[in-house]
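Shown next, in structure tokens, is the structure this report addresses.
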Amino acid sequence: MIRQNIRNIAIIAHVDHGKTTLVDQMLKQAGVFRKNQQVAERVMDSGDIERERGITILAKNTAVHWGDVKINIVDTPGHADFSGEVERVLKMVDGVLLLTDSFEGPMPQTRFVLKKALDLKLPVLMVINKVDRADARNEEVVGELLDLLIDLDAGEETLEHPVLYVSGRDGTATTDPKSPGQDLAPLFEAILRYIPGPKADPSGPVQVLISTIDYNDYVGRIGIGRVSRGRIKVMSQLVRCNALDETIKDRFRLSELSTFDGLKRIPVEEAAAGDIVAISGLADLNIGDTVCDPNAVEPLPFVSVGEPTVTVTFSINDSPFAGQEGEYVTSRHLRARLYKETQTDVSLKVKDGETPDQFLVSGRGELHLTVLMENMRRQGYEFQVSMPEAIFKEINGDLSEPMELVRVDVPQSASGAVIEKLGGRRGQLLSMAGTDRVRMSFLVPSRGLFGYRNEFLTDTRGEGIMNAVFYGYEPHKGDIPRRNVGALVCHETGESTQYGLFAAQERGSLFIKSQTPVYAGMICGVSSRPGDIVVNVCRKKHVTNTRNAAAAEDSLRLAVARPPTLEECIEFIDEDELLEVTPRSLRMRKRELNHELRAKRQGRAKKGA
């Protein structure tokens, strides 16, 4: 049977196309909030990092009521690095809202998530967002979207669905772009009409596929998924099983059951097939598990999530300042935290490294890994990470590497510099269009994009837009230079002085200010030319009987130091360098802190080359 009183949908789109803002308006107009209630913008982005960066990192569940129908909504991330979140939640829904910006049109991530939805035979409702923009290209974007659907072999039903024109900020929707909408009623009505209710067998033995994991200090791990069959009841005996591991058959009693309503979870005694529920009672519940009736242990297949493309090495902090700022500093703490992350992030892979103090962590991209690092440092962890490296594979006897489909939108004056820089990084220009602003598509090795984003912003004077999504594996493209400048390396351990920094700033740009603790081998700036330069930033002006050293230092003018962010540090470090991450500091350093030993190793490496 098909349940007509419920709809399960996911909102999918490219980053910054307005998914979470649209969900805000859907919640307001469906009566989740009081008319005079003060609500934060992007209320679904509840994490600190999500609110700071303005991006969605984790998929979130909510639900609204429209008439007699309950609409379960899953707000998904738009950034390609978190596409694993999108892939797994698609198993919970019966249709998707494909959101597209009225100016940018379909972008690389739009194609990626749309293909995943079509592979699962999910109906797609096309929504053009931000139609109130002055530079909106509604007709052209609809044409591009239809071309994309045809290219991905979408069914006739999807192509015949009406296109909705929406302003997520103002909360309006219409099917006719020439007549502005008044509210989101047309969107809700389209969802009820074109997204089918879940196919359900309420009389069979219970079956629930776990697609998301949450955690609560009181009840422990909470599994979120859709009831595929039967009726699930509180305090009933259930079995956990997994289609990939036939040995998993853990019995447990369901201690708590809840459904979603607005921004809350509502405890219920019973839920039927088609409902999205949150269950607890088993400490080892994982994504991809199936919760079944003990008399019908039948695991459901889980969606295959794309493999990681980038890896970094996490290790304990062994710098001279180790253990001064972090609460969790041992390899035991680091190992437990990293393996715990794999239970909730199916795109992340962790394995032990060459030594007991090292762990290889693989993810979808630099942002995917830096968000993990930022979360860990906020939780009190202290560790070191290496330069990110692309994950190579051997395919048909050839060494192959991951490739990214890169889409850039830049001013005409900057197009030459972008083509030159990406060409030097083994990028291949696929298409180019536009006059005042140029849109270009490139196929670039993943490792070719390491450290390029800052160069891109400099070359485009901050006006460029760049997006990338994993394309596939292709034969190795050859050597790619990591960076064309060296580092300023501290000569000795101590505290930086204004006098020492004044002399060092002539060699390049500084990352640190006066009175900053430093150690020998720590990177304090970027050199203005290739090759590393050792500088003594702790040097003090000698005291004589004819001048006041302190007054002489006060007269020295230093350029403003700009400490790099976590992402900038990861992009900057080279093979022989590490990034020290603590709750209060980010310090880049050389692997070998001793200057003489480092110079000898570099000399031997040059002779060997």
Side-chain angles (χ1 to χ4, degrees), residues 315-327 329 357 377 380-387 483 485-529 531-566 568-570 572-574 576-603:
S315 59
I316 61 169
N317 186 13
D318 61 358
S319 80
F321 293 168
Q324 296 182 6
E325 299 176 359
E327 182 180 355
V329 298
D357 298 334
R377 71 182 295 223
Y381 288 85
E382 183 176 311
F383 52 91
Q384 292 180 155
V385 292
S386 68
M387 178 191 83
R483 70 181 191 217
V485 293
L488 300 181
V489 184
C490 295
H491 176 264
E492 62 184 33
T493 301
E495 194 174 84
S496 61
T497 65
Q498 196 163 347
Y499 182 72
L501 292 173
F502 181 77
Q505 72 180 4
E506 297 179 358
R507 306 292 186 93
S509 303
L510 295 172
F511 296 149
I512 62 173
K513 299 183 291 186
S514 180
Q515 298 182 330
T516 300
V518 299
Y519 53 82
M522 175 178 155
I523 296 173
C524 60
V526 54
S527 172
S528 56
R529 62 186 65 187
D532 298 333
I533 302 175
V534 178
V535 293
N536 188 358
V537 295
C538 302
R539 185 171 58 171
K540 297 179 181 178
K541 192 168 184 67
H542 293 297
V543 178
T544 68
N545 60 353
T546 57
R547 64 166 64 108
N548 186 329
E553 278 205 4
D554 290 341
S555 64
L556 301 177
R557 296 295 182 94
L558 295 179
V560 178
R562 193 182 68 84
T565 63
L566 179 59
E568 290 170 341
C569 289
I570 288 293
F572 181 81
I573 57 176
D574 213 333
D576 64 334
E577 296 164 356
L578 296 170
L579 171 62
E580 178 185 351
V581 182
T582 76
R584 296 203 298 266
S585 306
L586 295 170
R587 303 184 187 96
M588 291 179 284
R589 50 160 286 190
K590 291 292 181 179
R591 286 182 184 269
E592 176 55 65
L593 300 179
N594 186 289
H595 304 308
E596 294 181 1
L597 291 178
R598 189 168 65 250
K600 288 180 181 178
R601 289 182 179 179
Q602 289 175 348

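Throughout, residue positions are numbered sequentially from 1 according to the sequence presented.
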[atom2] on [Y] to [atom1] on [X], rounded to 0.5 Å:
X    : Y    : atom1 : atom2 : value
Q498 : L558 : CD    : CG    : 4.5 Å
L578 : S315 : CG    : OG    : 6.0 Å
L579 : C569 : CG    : SG    : 5.0 Å
L501 : L488 : CG    : CG    : 10.5 Å
F502 : R539 : CZ    : CZ    : 11.0 Å

Over all heavy atoms of both residues, which pair between [X] and [Y] is shortest? Give the atoms and the distance, please.
X    : Y    : answer
P583 : Y381 : CD-O, 3.6 Å
S514 : T497 : OG-C, 3.9 Å
L593 : R598 : O-NH1, 3.4 Å
M588 : P564 : CE-CG, 3.8 Å

Do [X] and [Y] come close enough that some side-chain heavy atom pair is under 4.5 Å?
X    : Y    : value
V581 : L586 : yes
K540 : Y499 : no
S319 : Q384 : yes

Donor-acceptor pairs under 3.5 Å, side chain of residues 515-528 to any protein atom, not counting sequence neighbours: which ones?
from: T516; atom 1: OG1; to: K513; atom 2: O; distance (Å): 2.8
from: Y519; atom 1: OH; to: E580; atom 2: OE1; distance (Å): 2.8
from: S527; atom 1: OG; to: R529; atom 2: N; distance (Å): 3.2
from: S527; atom 1: OG; to: R529; atom 2: O; distance (Å): 3.1
from: S528; atom 1: OG; to: R507; atom 2: O; distance (Å): 3.2

Quick one: side chain to side chain donor-acceptor pair (under 3.5 Å) partners of [X], sequence neighbours excluded?
X    : value
T582 : E325
H491 : none
E382 : N317

Name all residues meeting the salt bridge (charged side-chain N to carboxylate O under 4.0 Å, His left out) criterion together with E592; count only those two or more places apart in sequence or in a different chain, and write none if there are none.
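Checked E592 against salt bridge (charged side-chain N to carboxylate O under 4.0 Å, His left out); matches are R601.
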Results of salt bridge (charged side-chain N to carboxylate O under 4.0 Å, His left out) for R591 - residues two or more places apart only
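Once residues adjacent in sequence are excluded, R591 has no partner under the salt bridge (charged side-chain N to carboxylate O under 4.0 Å, His left out) criterion.
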Sequence neighbours left out, what passes side chain to side chain contact (heavy atoms under 4.5 Å, CB included) with D576? Give chain and number order.
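With sequence neighbours excluded, D576 shows a side chain to side chain contact (heavy atoms under 4.5 Å, CB included) to D532, D574, K590, Q602, given in chain and number order.
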